[in-house]
Amino acid sequence: MRYYYLDIYKTFSCMAGECPSTCCAGWSIRVDEEAMERFYALPESDLKEDILQHIQKKQDGYYFMNRPDGSCMMLDPDGLCRIQRKSREEMLCITCRKFPRLAGRVQQDYWMSMAASCPVTAGYLWTKTVGWYMTDGEISQEIDWTGLPYDKERKEGLEWFMDSLRKQSEAAPDSMEESVHFLWNMYQRMYDLMEDCLELLASSPELSYLEGSFDYFEKDYGAAEIISQMMTFQENFRGKLREFTKNYMLYRVYSRCLEFPEESGQKCLFTVAGELFLFYILRFSRYHTIHRDDLSSVVAEINWMYRFCVHSKRRSDQFTSLLKDKFKKLEYLAEIIIRIS
């Protein structure tokens, strides 16, 4: 057996009380059966009563309840978990104990990654270059994405995407007419997807709205002003978006492979491209409404996008359906992502 892991997996250190976010917000945390047995086996106490009264049974299992702001009911005002505070880490359910680490079997190997809803992971994806390590239990070596044992469809899809991204960076600039046509088309696609995402958000009480995420699209701008602001956004972020696009695509295809090993390569790349497009919407809107482009703002956008797209299976499936309805083909969605970056 070989072990593959994202390089930050080895060096990750939780920010704990200094974390600007919380890993216990924006999703419904499932309680595994073994954790339920541990909770029921606790001696009668305030902690046992506290835990059990904040767990609800749903059709597919047990879940911790959420507050109206999306945070877990077991969180104290300082953002720390009462179970861990009053007991020990081993008492936590599997989801809480391992977060933000992800791990799973892919064929005969074991793959490990990190969740981008963690600010440390999001900051890594925005500021670093993703890499991996492989070990057979004796020798460990650093590898890039080409050293990962992907199936043919995923590997060829990634090769095509990375090659297209490289060619776009080397291509001559578009004419003004071509640029205006592309940016207007992209804005319309952003607007359409934004409206559908708001509907999904309305049915997701556990996920709070991130200030400025879609506010730009509610303003009454003229076409000329929209194109001008799209151009400003592209000029200011093109280089950074290109690096992030490459990072995120490589990271998420790897992570989805360990999460959904039976998923087709085409669906995997299509979904990840959609996540990137949603991030572009957030970055564009917040840049022009709350006027922030510092690292903490970008990290918050990556965190929110990941929570929206990944933390709920229902919402994830609905989002993927929206993408297929809006873009039809991976090549069309990828072209937009590649050209803006």
Side-chain angles (χ1 to χ4, degrees), residues 1-14 23 30 32-35 89-90 92-166 243-273 275-276 302 306 309-311 313 316 320 330 334:
M1 177 185 290
R2 291 185 174 181
Y3 299 85
Y4 296 88
Y5 53 94
L6 193 67
D7 54 7
I8 191 178
Y9 192 98
K10 187 176 182 179
T11 60
F12 172 74
S13 177
C14 179
C23 48
R30 184 167 184 164
D32 55 281
E33 292 183 6
E34 290 185 1
E89 184 176 346
E90 291 74 16
L92 298 171
C93 62
I94 291 176
T95 302
C96 297
R97 194 162 65 241
K98 72 179 185 179
F99 187 88
R101 297 174 179 85
L102 307 172
R105 275 185 171 274
V106 181
Q107 297 179 351
Q108 301 302 314
D109 299 321
Y110 200 73
W111 293 23
M112 291 159 276
S113 188
M114 304 286 288
S117 46
C118 167
V120 175
T121 307
Y124 159 80
L125 293 170
W126 185 253
T127 62
K128 307 294 183 181
T129 300
V130 296
W132 289 264
Y133 284 91
M134 184 277 291
T135 179
D136 58 6
E138 296 180 1
I139 301 175
S140 179
Q141 58 180 311
E142 190 173 0
I143 60 173
D144 64 14
W145 73 271
T146 60
L148 295 168
Y150 286 127
D151 59 81
K152 182 180 179 182
E153 189 179 16
R154 277 186 179 81
K155 186 172 184 179
E156 290 182 350
L158 276 174
E159 287 174 344
W160 168 79
F161 188 90
M162 293 302 143
D163 188 53
S164 299
L165 197 61
R166 178 188 58 79
E243 291 305 310
F244 176 72
T245 297
K246 179 179 178 181
N247 263 357
Y248 192 80
M249 178 60 73
L250 294 176
Y251 149 76
R252 275 298 286 152
V253 168
Y254 170 79
S255 293
R256 283 192 71 87
C257 193
L258 74 86
E259 293 168 328
F260 309 105
E262 303 303 319
E263 180 181 62
S264 72
Q266 185 78 2
K267 180 182 178 182
C268 177
L269 268 70
F270 197 98
T271 302
V272 176
E275 293 172 13
L276 277 166
I302 298 171
Y306 189 90
C309 296
V310 181
H311 277 198
K313 181 66 166 58
S316 176
T320 301
L330 167 64

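Heavy-atom basis, side chains included; hydrogens, waters and symmetry copies ignored.
- Every residue meeting the side-chain hydrogen bond (donor to acceptor under 3.5 Å, both in side chains) condition with Thr146, not counting sequence neighbours, appears here in chain and number order: Asp144.
- Distance check, rounded to the nearest 0.5 Å: CG of Leu102 to SG of Cys118 gives 10.5 Å.
- By the side-chain hydrogen bond (donor to acceptor under 3.5 Å, both in side chains) test, Tyr306 pairs with no residue at all, sequence neighbours left out.
- The side chain to side chain contact (heavy atoms under 4.5 Å, CB included) check on Asp151 picks up Glu153, Arg154, with sequence neighbours excluded.
- For the salt bridge (charged side-chain N to carboxylate O under 4.0 Å, His left out) condition, no pair includes a residue of residues 101-126, sequence neighbours left out.
- Summarising the geometry, atom CG belonging to Leu125 is positioned 13.0 Å from atom CE belonging to Met249; distances are rounded to the nearest 0.5 Å.
- Counting all heavy atoms, side chain and backbone alike, Leu330 lies closest to Ala273 at CD1-CB, 4.3 Å.
- Listed by chain and number, the residues in a side chain to side chain contact (heavy atoms under 4.5 Å, CB included) with Gln108 amount to none (sequence neighbours excluded).
- Every salt bridge (Lys or Arg N to Asp or Glu O under 4.0 Å) that Lys313 has, sequence neighbours left out, goes to Asp317.
- To the nearest 0.5 Å, atom CG of residue Leu269 and atom CG of residue Leu158 are 5.0 Å apart.
- Here the OG atom belonging to Ser113 is positioned 15.0 Å from the OH atom belonging to Tyr4, to the nearest 0.5 angstrom.
- The side-chain hydrogen bond (donor to acceptor under 3.5 Å, both in side chains) contacts involving residues 119-134 comprise Asp7-Tyr124, where partners must be two or more places apart or lie in separate chains.
- Under the 3.5 Å distance criterion, the side-chain polar atoms of Tyr254 are matched with a main-chain donor or acceptor of Met112.
- Atom CD1 in Ile302 sits 4.0 Å away from atom CZ in Phe244 (nearest 0.5 Å).
- Sorted by first then second residue, the salt bridge (charged side-chain N to carboxylate O under 4.0 Å, His left out) pairs that include residues 254-273, not counting sequence neighbours, are Arg252-Glu259, Arg256-Glu263.
- Phe161 is not listed as a side-chain neighbour of Val253, based on a closest heavy-atom distance of 4.5 Å or more.
- The main-chain N or O of Ala116 is found under 3.5 Å from a side-chain atom of Tyr251 such that the two form a donor-acceptor pair.
- In terms of the side chain to side chain contact (heavy atoms under 4.5 Å, CB included) criterion, residue partners of Glu34 (sequence neighbours excluded) are, by chain and number, Asp32, Arg38.
- Contact record, Tyr5 with Ser140: OH-OG, 3.6 Å, taken as the closest heavy-atom pair.
- Note that SG of Cys257 is 6.0 Å distant from OH of Tyr150, once rounded to the nearest 0.5 Å.
- Remark: Glu159 engages Trp145, Lys155, Glu156 in a side chain to side chain contact (heavy atoms under 4.5 Å, CB included) (not counting sequence neighbours).
- Heavy atoms of other residues, nucleotides or ligands lying less than 6.0 angstrom from CZ of Arg2 number 12 at most.
- Phe270 pairs by the ring pair (Phe, Tyr, Trp, His ring centres under 6.0 Å) definition with nothing, not counting sequence neighbours.
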